[in-house]
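First the structure, in the form of structure tokens, and then the observations on it.
Only heavy atoms go into these numbers, but all of them, side chains included; no hydrogens, no water, no symmetry mates. The model shown is predicted, which means the values in this text are computed figures rather than measured ones. Each chain gets a letter, A, B and so on, in the order the sequences are listed, and its residues count up from 1.
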Amino acid sequence: MSLKGYKDLPEGGVIPERGNSVLYKTGEWRSMKPVYYPEGCVHCLLCWAFCPEPAIKVENGRMLGIDYDHCKGCGICARECPRKEKALQMVRE
Amino acid sequence: MASLKELSALPEVLAPGHRLCAGCGAPIVVRMITRAAKGPLVVANATGCLEVSTTIYPYTSWNTPWIHTAFENAAATASGVEAAYHALKRRGKVDKDINIVVFGGDGGTYDIGFQSLSGAMERNHKLVYVCYDNGAYMNTGIQRSSATPKGANTTTSPVGKVSYGKRENRKDLTEIMAAHNIPYAAQVSPSHWNDLYQKAEKAFAANGAAFINAFAPCPRGWRHDTKDTIEICRLAVDTCFWPLYEVVDGKYRVTYKPREKKPVTEFLKAQGRFSHLFQPGNEEVLEAIQKEVDRKWEELLKLEELSNS
Amino acid sequence: MALETKQVAMTGNEAVANAIKQINPDVIAAYPITPQTDIVQYYSSFVADGQVDTQMVTVESEHSAMSATIGASAAGARAMTATSSQGLALMHEMLHIASGFRLPIVMPVVNRAVSAPINIHCDHSDTMAALTTGWLQIYSENAQEAYDNVIQAMRIAEDPRVRLPVMVCYDGFITSHAVENLFLLPDETVKQFVGEYNPKHTLFDFDSPVTFGPLVLPDYFSEIKAQEADAMRAAKEVILEIAEEFAKISGRKYGYYEGYHLEDAERVIVVLSSTAGTAKEVVDELRAQGEKVGLMKPRVIRPFPAEEFVKALSGAKVVAVMDRAETFSTQGGQLFTELRAAFYEAPTKPLMRNYIFGLGGRDTTTAEIRRVFEDLKKDQERGSVDRKVTHLDVRV
Ligand SMILES: Cc1ncc(C[n+]2csc(CCOP(=O)(O)OP(=O)(O)O)c2C)c(N)n1
Ligand code: SF4
Ligand code: SF4
Ligand code: SF4
Ligand SMILES: [Mg+2]
């Protein structure tokens, strides 16, 4: 990748962008990954509330699954899920 | 009381792709607190894990205007932002009502940033200062701070032949902030998300400076499994190591009283940084820690009683 | 056009406070320190009397003063502060951040010796220690210049080609506290001259949010610094443009330096700020006796107008650079070493020697300046300087 020359960069080291870190895929860090089983899910959204990334996809108040591009595999979601193994399970990558 | 469903519909201030460790407590705090701002939000950040990991050039994880200047001065920087807001509003250059939140680690808040925080609170700028307290200088490699609990093994309070880790008790910063007679001060934990969210709402609505001390586990520095971050928060609250309370215009309210107060050892033994305390010979240290937790908890209950009578 | 000005008797600090009042910045965050204190006090009463509508932040330290000024400036406000000595030293960390962020902050600095030993009087050890912080530095001989420089600095700092912070320096007590006659411009003229501040990025732009102060690693850091260096280069030209515009509203002309009987001078003293006033007297005296002596008073030393300084001194045979601060390099003061380095490529070089003088407010009298010219004369006759660095006024 060729990086921009100094005259083409914004002044003062500012980043005039909104949340462009989504382009950076932290999913590669993972050694364990959460697997989602929608049939066991009660959409309590605790997994979403506790995910540090955020890497739990939610729409209209419903859990939609995992954003594997960014999920680091911490396991908080699976551990805190009230449905435990029925909705979220950690497995080796 | 908001539901998670409602909260999930509010804008996400922190984008994924940041490089905080897996299981880090700080972003969980950030995500929940910033939701309570409702409306335009400017974030000021002190140097530390949260700051470096969320803004590695040319990437930023912030979906809202954000500023970091240095380590010890996030409160002063935000004071300037707030002053600019008043000036520009008066001169018709800004029309919106805005919110300002500051995030600083315990090092940037209890220690090196203590003076600038005290100044900003005394001047009663309308801003919410949030300390994400992970009990050490994590960004530079787990050195002790004045927020590090007694007995913790850190790289500058290491366990050794004649050392059981940090010797001193924590500085009680929430109390010190309350003593600034600011409109709102509170202590929160991400495990109790609803309590946290409600306090954040009150902080943003306060008529002046607000301070929130947020418990923020660091799996790397505390040496616990990444999945246990929230569970450790719960243990901190249930052992009364980290009481949840607020001080509104001088009135204390303990917002959560565990039905059964757990022994502090349950909190301690979940973390590698305290594992040496469970070796023979350190019984007295454990006892002293328990005694201090009890004393502080009793004191807090008394303050609640006194300030409301 | 007849220029509208008003003659007043004021101290330097009062004059500067009035310049700031006429600029009426959005935000001032400041902390008192002798000999800057009056500026903060004057300004507080302007605010209290409703003469300005600046938002004033009475911070708890200079570190916070600069931090709050930076926060305000990044938010899109025209923001200022002022300081001296220990205060400047305390904000040193933040000086780099103001310039690194490319924020057009203007800061009067009332020069005072830096402790230890503690001392409240003038020397230049405070601002000399800030030469590498990415701020422009403009020095003023007297209250009039301090006033004029503050107004010009605002325009220079905010020029889109520059966008760098500026220190306007003047001598503690000598200039800050002495009452002088000077001309103030009408409020409206200053208002027109400084115009509106149009920041490029601000924290209050919620439609396109900006991240200020990210972690920049080796892959981009040099580029950001190269931009800053370019801006400092561009400032050179801007300084003259603004000076020319300022001359139109004030009748007072400014450049990179002021030359006094420089054209045919063989022996020249180079000195900053108020001491130049004393030196001018001696030059007049010696000129009356037919001596070919002159003076160069640099006004701007960041950026360092090396070519112009060299050109100005190209006819001189012997030059004494007088530094009001030690560097402890054992090779002379800052101004001396930079000026001497500037001559490295010059086809002809004058002899050059350095005097460290006036530390901690020690008075520099016409007698001492005369002594310097006498030394220069001997050097000229000898064809060499007998001593590179001299502490001018130290008892032995
Ligand atoms: C003036 C100054 N001193 C020291 C440092 C080095 N430093 C950077 S972050 C940090 C520790 C941060 O600790 P804390 O505030 O608790 O945040 P954490 O990293 O734990 O999230 C230190 C010591 C610095 N950046 N600036
Ligand atoms: S925590 Fe479990 S049950 Fe609740 S939304 Fe997530 S996956 Fe579904
Ligand atoms: S494993 Fe961790 S990072 Fe991944 S979705 Fe669950 S909580 Fe988020
Ligand atoms: S070191 Fe600790 S605080 Fe820092 S990012 Fe990692 S887990 Fe979070
Ligand atoms: Mg910390």
Task: Contacting region of A/V58 [heavy-atom separation from chain B under 4.5 Å] - done: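 Contact with chain B is through the side chain of A/V58 alone.
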Shortest non-hydrogen separation from [X] to [Y] and the atoms involved:
| X | Y | result |
| --- | --- | --- |
| A/P54 | B/A15 | CD-C, 4.2 Å |
| B/L4 | A/A49 | CD2-CB, 3.7 Å |
| A/K72 | B/A22 | CB-CB, 3.7 Å |

For the candidates [options], which exhibits the highest count of non-hydrogen atom pairs separated by less than 4.5 Å from chain B?
| options | value |
| --- | --- |
| A/I76, A/T26, A/L45 | A/I76 |
| A/L46, A/D67, A/L23, A/D69 | A/L46 |
| A/G75, A/C71, A/A55 | A/G75 |
| A/G73, A/A78, A/C51 | A/C51 |

Report, as yes or no, whether the 6.0 Å neighbourhood of atom [atom1] on [X] holds more than 12 heavy atoms from other residues, nucleotides or ligands.
| X | atom1 | value |
| --- | --- | --- |
| A/K86 | NZ | no |
| B/K96 | NZ | yes |
| B/K5 | NZ | no |
| A/E28 | CD | no |

Open item on the list: Less than 6.0 angstrom from the centroid, inside 45 degrees of the normal: does B/R31 satisfy that with respect to the ring of A/W48?
Closed with: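 So B/R31 does make the cation-pi contact.
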Under 3.5 Å, side chain of [X] to main-chain N/O of [Y], donor-acceptor pair present?
| X | Y | value |
| --- | --- | --- |
| A/N20 | B/S61 | no |
| B/H18 | A/P52 | yes |
| A/S21 | B/Y59 | no |

- [ ] Supply the atom-to-atom distance B/T229 OG1 to A/F50 CZ, rounded to the nearest 0.5 angstrom.
- [x] 11.0 Å
Task: Value rounded to 0.5 Å, distance of CD in A/E53 from SG in B/C24 - done: 9.0 Å
TODO: For a side chain to side chain contact (heavy atoms under 4.5 Å, CB included) with B/K227, tell me which candidate from A/R79, A/E80, A/M90 qualifies.
DONE: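 Looking at A/R79, A/E80, A/M90, the match for B/K227 under the side chain to side chain contact (heavy atoms under 4.5 Å, CB included) is A/R79.
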Under 4.5 Å from any heavy atom of chain A, what part of [X] do you find: side chain, backbone, both or neither?
| X | value |
| --- | --- |
| B/L7 | both |
| B/W193 | side chain |
| B/T64 | neither |
| B/R35 | side chain |
| B/E231 | both |

TODO: Test B/Y57 against A/V14 for side-chain contact (heavy atoms from CB on, under 4.5 Å), laying out the working first.
DONE: CA-CA 9 Å; B/Y57 194 89; A/V14 302; over 6 Å; no
- [ ] Could you check if a side-chain atom of B/R19 sits within less than 4.5 angstrom of a side-chain atom of A/W29, using non-hydrogen atoms only?
- [x] yes
Open item on the list: Please rank B/T60, B/V30, B/T54 by heavy-atom pairs under 4.5 Å with chain A and give me the top one.
Closed with: B/T60
